[in-house]
Protein chains: 2
Amino acid sequence: MPPNDPTVLAPAPMGLRERKKAQTRAAIQRHALRLFQRDGYSATTMEQIAAAADVSPSTLYRYFPTKEDLVLQDDYDPLMAAAFRAQPPEVPVLEAFLAAVHQTLAGISPEDREEAVLRARLSFTIPEVRARALDHTLSTTDVIADMFAEHLGRSPRDLEIRVLAGAVIGAILSAQLFWIDDPKADPWEISEQALRCLIDGPAGLTKG
Amino acid sequence: MPPNDPTVLAPAPMGLRERKKAQTRAAIQRHALRLFQRDGYSATTMEQIAAAADVSPSTLYRYFPTKEDLVLQDDYDPLMAAAFRAQPPEVPVLEAFLAAVHQTLAGISPEDREEAVLRARLSFTIPEVRARALDHTLSTTDVIADMFAEHLGRSPRDLEIRVLAGAVIGAILSAQLFWIDDPKADPWEISEQALRCLIDGPAGLTKG
DNA sequence: CAAAATTCTGAGAGTAACTTCCATTTAGAA
DNA sequence: TTCTAAATGGAAGTTACTCTCAGAATTTTG
């Protein structure tokens, strides 16, 4: 990947129109998260959010079709995917995956990271949001399986590949749950540990 | 476990009241599934379901708090749990898990199984239902982790255990997705194959 | 068997998330 | 500037879901 791939790093020269849109979207989400934190998710209505962001409800719904999207929407997935594809083929899959996650996290500014942590916490805390987050995770699993297949030079339809992807996601999810219960822990640390469990093989456990 | 443990096998002698409740609940769910199949999920309103089952909307909501519950609700989980706990300690965890699933499925009547398959298909097909199904799966993972811990004589707080449970669930989920794309396949067969991938260890893959 | 206590049901009003449609404004191209 | 396409705002409607309360059915008690 060229060091300044426009699809990844550069915001790609936007016209005034797109710049305003991005600005509006960011403003809406920021206000929404603030209100969710202050008054609680279900106690905050879409109308209140629209009012806070100074847009009409219609506009709010055009940017965020559902209330959950206000918590879930971000654009880290393509960054992750790019980072993974940038890994050299000779490095083992799970190591490559780990590296991709690490690199992506490293590329996020402290403020954005803080916001991401808040969103993650809300995602696990509010049942409706959690449900939709998991649904998104499931589709992500498909994407990851495809990337794994490509990295390994195998068919993306291969059950073994999909099981591997599912196991990886399941493991990380468990790690996240671990983190929710223990907020002072580092989510990255735990995720890495979880993946190492998988790399070392659950062999020790599966026999006993 | 005694062969006729009342909490598992026997419906436990119910009074008239509870018998009627069970009957009403079953009737509601049956009608709901029928309408979902005939007219589609979102095209069917709660009012229509209530009317079809000949109860008031209030009553419908008392039995099924959300529309998704009409698809998701069943009582197989405790059966599974009991079957797992009934496995002798010396059999390896994942084998025990596999056996528990197998035995539970074997104990379900053909009609009930058919209904379960329909519900599963709806669960994966309708986005809102799928989301809630995954959320339920997540809590189930916690229960499974506890059972694994008990079987292995380890702490349920152990990260390694939870990762194992997460990986198992993730693998099975991937298998189910596989099945959705290929309806003539046997879901049980694929799930077993997926678990075997995990038992044999993803070692072959994690190195390459 | 009758009365009292508990639980289930039905009815109605209300909230809020989302949808749809149309008139208006605003940015970008000619 | 003018024309076109896209973003916005306003309003009315649908539906899932909540709350409350009065009446009916069931279980328990005297």
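Lettering follows sequence order; numbering is per chain, from 1.
Relative to the side chain of T45(B), the nucleotides dC17(D), dA27(C), dT15(D) differ in distance, and dT15(D) lies closest. Side-chain proximity of T66(A) to the nucleotides dA27(C), dT8(D), dC18(C) is greatest for dC18(C). Distances were taken from every side-chain heavy atom of V55(A) (C-beta onward) to each of dG9(D), dT9(C), dA7(D); the shortest belongs to dG9(D). Of all nucleotides listed (dT9(C), dG9(D), dT6(C)), dT9(C) comes nearest to the side chain of Y63(B).
Here dA17(C) presents its P atom at 12 Å from CG of L35(A), a figure rounded to the nearest Å. Here the P atom of nucleotide dA16(D) and the OH atom of Y61(B) are 5 Å apart, to the nearest Å. Protein atom CZ of R25(A) is 10 Å distant from nucleotide atom P of dT8(D), rounded to whole Å. We find that CZ of R62(A) is positioned 15 Å from P of dT26(C), with the value rounded to whole Å. Summarising the geometry, the separation between CE on M46(B) and C1' on dT18(D) is reported as 12 Å, rounded to the nearest angstrom. Separating the CD atom of Q48(B) from the P atom of dT14(D) is a distance of 14 Å, rounded to the nearest angstrom. Going from atom CD of E47(B) over to atom P of dA16(D) covers 8 Å, rounded to whole Å. Nucleotide dT15(D) holds its C1' atom 13 Å from the CD atom of E68(B), rounded to whole Å.
A salt bridge is defined here as a Lys NZ or Arg NE, NH1 or NH2 lying under 4.0 Å from an Asp or Glu carboxylate O, and R25(A) with E18(A) fails to meet this definition.
Along DNA chain D, the nucleotide nearest S42(B) and the nucleotide nearest L60(A) are compared for position; the residue whose nucleotide lies closer to the 5' end is L60(A). Of the two residues near DNA chain D, E18(B) and Y41(B), the one whose nearest nucleotide lies more 5' is Y41(B).
A close approach under 4.0 Å does not occur between any side-chain nitrogen or oxygen of K20(A) and OP1 or OP2 of dA7(D). Taking side-chain N and O atoms only, S58(B) has no distance below 4.0 Å to OP1 or OP2 of dG10(C). Contact check, S56(A) against dG10(D): no side-chain N or O comes under 4.0 Å of OP1 or OP2. Side-chain N/O atoms of K67(A) include none lying less than 4.0 angstrom from OP1 or OP2 on dC18(C).
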Pair R196(A)-L98(A), side-chain contact (heavy atoms from CB on, under 4.5 Å): steps then yes or no: CA-CA 9 Å; R196(A) 298 247 168 257; L98(A) 221 38; 3.6 Å; yes
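Seen from the ring of F178(B), R157(A) counts as a face-on cation partner, given the 6.0 Å and 45° thresholds.
Not a single donor-acceptor contact under 3.5 angstrom links the side-chain atoms of R17(B) to the base of dT27(D).
Ring planes of F148(B) and F97(B): perpendicular class, angle over 60° (limits at 30 and 60°).
Residue contacts shown for T44(B) are limited to sugar-phosphate atoms, with no base heavy atom under 4.0 Å away.
When side chains are defined from C-beta on, M46(A) counts as touching L70(A), because their heavy atoms get closer than 4.5 Å.
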